Protein chains: 2
Amino acid sequence: MKKDSAEDRPSAKVPSPLVSGRQRLMEAALQLAATTRSLASLGLREVARQAGLNPNTFYRHFNDFDELGLAVIDQLSGQLREGLRERRRRPAEAGLKLSDTANPGDAWRKAQDVVRESIALVLDFVTEHRTAYVVGIREMHGSSPVLRKALRKVLDDIGEDMTEDVLGALQLPLLQREDVAEISQLVIRQMTFFSLDYLEHPEQREQIRRQAERFVLLLFWGAIAAKAPQELAASGLRFPD
Amino acid sequence: MKKDSAEDRPSAKVPSPLVSGRQRLMEAALQLAATTRSLASLGLREVARQAGLNPNTFYRHFNDFDELGLAVIDQLSGQLREGLRERRRRPAEAGLKLSDTANPGDAWRKAQDVVRESIALVLDFVTEHRTAYVVGIREMHGSSPVLRKALRKVLDDIGEDMTEDVLGALQLPLLQREDVAEISQLVIRQMTFFSLDYLEHPEQREQIRRQAERFVLLLFWGAIAAKAPQELAASGLRFPD
DNA sequence: GGAAGAGGTATACAATCGTCTACACGAAAG
DNA sequence: CTTTCGTGTAGACGATTGTATACCTCTTCC
């Protein structure tokens, strides 16, 4: 049998303590999970090696891989929600110029803009945090109930944000809160597929972006048309494209 | 070090040769993947043990886990597509009584029936093949490119079946082939989420089923309303519920 | 200035793993 | 009847893994 020393450590980096070991472990795990296999199936020694740390260092920060996964999720989901909230503050204010008395046509045009911008933001985020996003989607359907639940909650929270946003800033006529909430969840979930397509087919990105926009608008259009087909027809609005 | 013999084998079954070793390995892998972790992270010895076979027997049938995964996918996706095709033959024939001259109201009512029945079929299938389905969804976002591609193709094929079905039997007015194809893909993908919810929350199954039906109808309604809001309003049709 | 604790390391051990080589046996093929 | 061949078994190997114990710095705090 081989003595297991000195073979374990220095495969990746110099032991620069510029970032904490905890952070190094998280990044190493993400990197490995994105290129190799699922988070839970990673070896404790494997990630320590990638991080340039001693295997036992893992124990100092995490008890198991679920704990590491939760830490990563906390860190990044916060970034995503914050980013979404922040950039959505802008069009919301711009939209106030059209006051609550705006006619349906203005509301619908504004809805198009908001949809376009929100989708762009999501797609930018996933390209910027590609590995984390891919691993996140993977673990959402993965084998750890803990991570599954945490990631489902992230999606649901984003859905709630979207619901509030649509209700507050968009003021689409005739749609109740529950209608909007249902549509939001559908949109958020479908976006996971659009995002993966977007990442995996860089040559078709513009097309995928338009498909996503069309899907969202189609849902809202359908929901309005389901509630009040006559009013929609009478408004003379046309579906874009 | 411990000699690794006699500990490996008989954890599960008697060596009944009623089913082939190959099949036993596939089922054991599915079982383990559903309860433990991802397919690719399974140990060769692990599944052999679960199947009640010698570790080396794995080599007789598969070179690696991708190969085993593909075999499972072939076997079950065939069952699903065949089941869908077969049960869809019935309403298609019944639908022929309403000839091509049927008015929009009849076509829309028939669409509701077909949607209801197709969704019921899918949900029945996933409950009947729960472990295989869960593992399939998992590997669709998993780390093996081979399995990912194979499972995406399964979904896309089902989407094409649905497209042909809608075009052939439903004859919804105003929708082009490309519109229907796009909607079909959206529906198939969203159904993966509905199906998982359905499995994980048995107490809310009826509600989830209705949500799924509503989603599909909403998309078609929206697509028709996008093409021709006036005609839809003039037809006097009401969205169900 | 000594104690306590957090973060990182070194070494060791048993268990498990993938794989290699060799053997057994029934069925089909010649 | 003998020869393949497909399938399953047995035993062994070196590599790798998770974990336990012990030691080594630094900060921080009293």
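Values below: all heavy atoms of this structure, side chains included; hydrogens, waters and symmetry mates excluded. Proteins come first, then strands; the chains are lettered A, B, ... in the order of their sequence lines, and each starts at number 1. Please read these numbers as outputs of a predicted model, since none were measured by experiment.
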Discussion item. Within the 4.5 Å heavy-atom criterion, are B:M191 and B:V126 side-chain neighbours or not?
Written reply: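 No - every pair of side-chain heavy atoms lies 4.5 Å or more apart.
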Fill in: ring pair (Phe, Tyr, Trp, His ring centres under 6.0 Å) involving B:H141 - partner list, sequence neighbours excluded
A:H141, A:F193
Given atom [atom1] of [X] and atom [atom2] of [N], what is their separation to the nearest angstrom?
X: A:N54; N: D:dA20; atom1: CG; atom2: C1'; result: 13 Å
X: B:D64; N: C:dG18; atom1: CG; atom2: C1'; result: 13 Å
X: B:Q23; N: D:dG8; atom1: CD; atom2: C1'; result: 17 Å
X: B:L42; N: C:dT16; atom1: CG; atom2: P; result: 16 Å
X: B:Y59; N: C:dC17; atom1: OH; atom2: C1'; result: 10 Å
X: B:L44; N: C:dC20; atom1: CG; atom2: P; result: 11 Å
X: A:E46; N: D:dA15; atom1: CD; atom2: P; result: 18 Å
X: A:F58; N: C:dT9; atom1: CZ; atom2: P; result: 15 Å

Worksheet entry | Given B:R205, B:Q211, B:R209, the one that forms side-chain hydrogen bond (donor to acceptor under 3.5 Å, both in side chains) with B:Y198 | B:R209
Worksheet, complete the sentence: Comparing B:F65 with B:R60, nearest DNA chain C nucleotide closer to 5' gives the residue B:F65
Between the base of [N] and the side chain of [X], is one N or O donor paired with an acceptor at under 3.5 angstrom?
X: A:R49; N: D:dT17; value: no
X: B:N56; N: D:dG11; value: yes
X: B:R45; N: C:dG18; value: yes

Worksheet item: Of the options A:D157, A:D161, A:D165, which is the one that meets A:R85 in a salt bridge (Lys or Arg N to Asp or Glu O under 4.0 Å)?
Response: A:D161
Item to complete: Taking only the side-chain nitrogens and oxygens of B:H61, find out if one of them lies under 4.0 Å from OP1 or OP2 of D:dG6.
Response: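 Checking B:H61 against D:dG6: no side-chain N or O falls below 4.0 Å of OP1 or OP2.
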Practice prompt. Examine D:dT7: is either OP1 or OP2 under 4.0 Å from a nitrogen or oxygen in the side chain of B:S20? Give yes or no.
Written response: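 It does not, given that no N or O in the side chain of B:S20 lies less than 4.0 Å from OP1 or OP2 of D:dT7.
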Worksheet item: Which parts of residues 66-74 of chain B get close to DNA chain D, meaning a heavy atom less than 4.0 angstrom away?
Response: none
Fill in: Residues forming a side-chain contact (heavy atoms from CB on, under 4.5 Å) with B:E67, sequence neighbours excluded
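With sequence neighbours excluded, B:E67 shows a side-chain contact (heavy atoms from CB on, under 4.5 Å) to B:F62, B:N63, B:D64, given in chain and number order.
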Worksheet item: Distance only, no hydrogens: is a donor on one side chain within 3.5 Å (strictly under) of an acceptor on the other, for A:Q79 and A:H129?
Response: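 Side-chain D/A pair, A:Q79 to A:H129: present.
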Worksheet item: Got a sec: does the CZ of B:R210 have more than 12 other heavy atoms crowding it under 6.0 Å?
Response: no
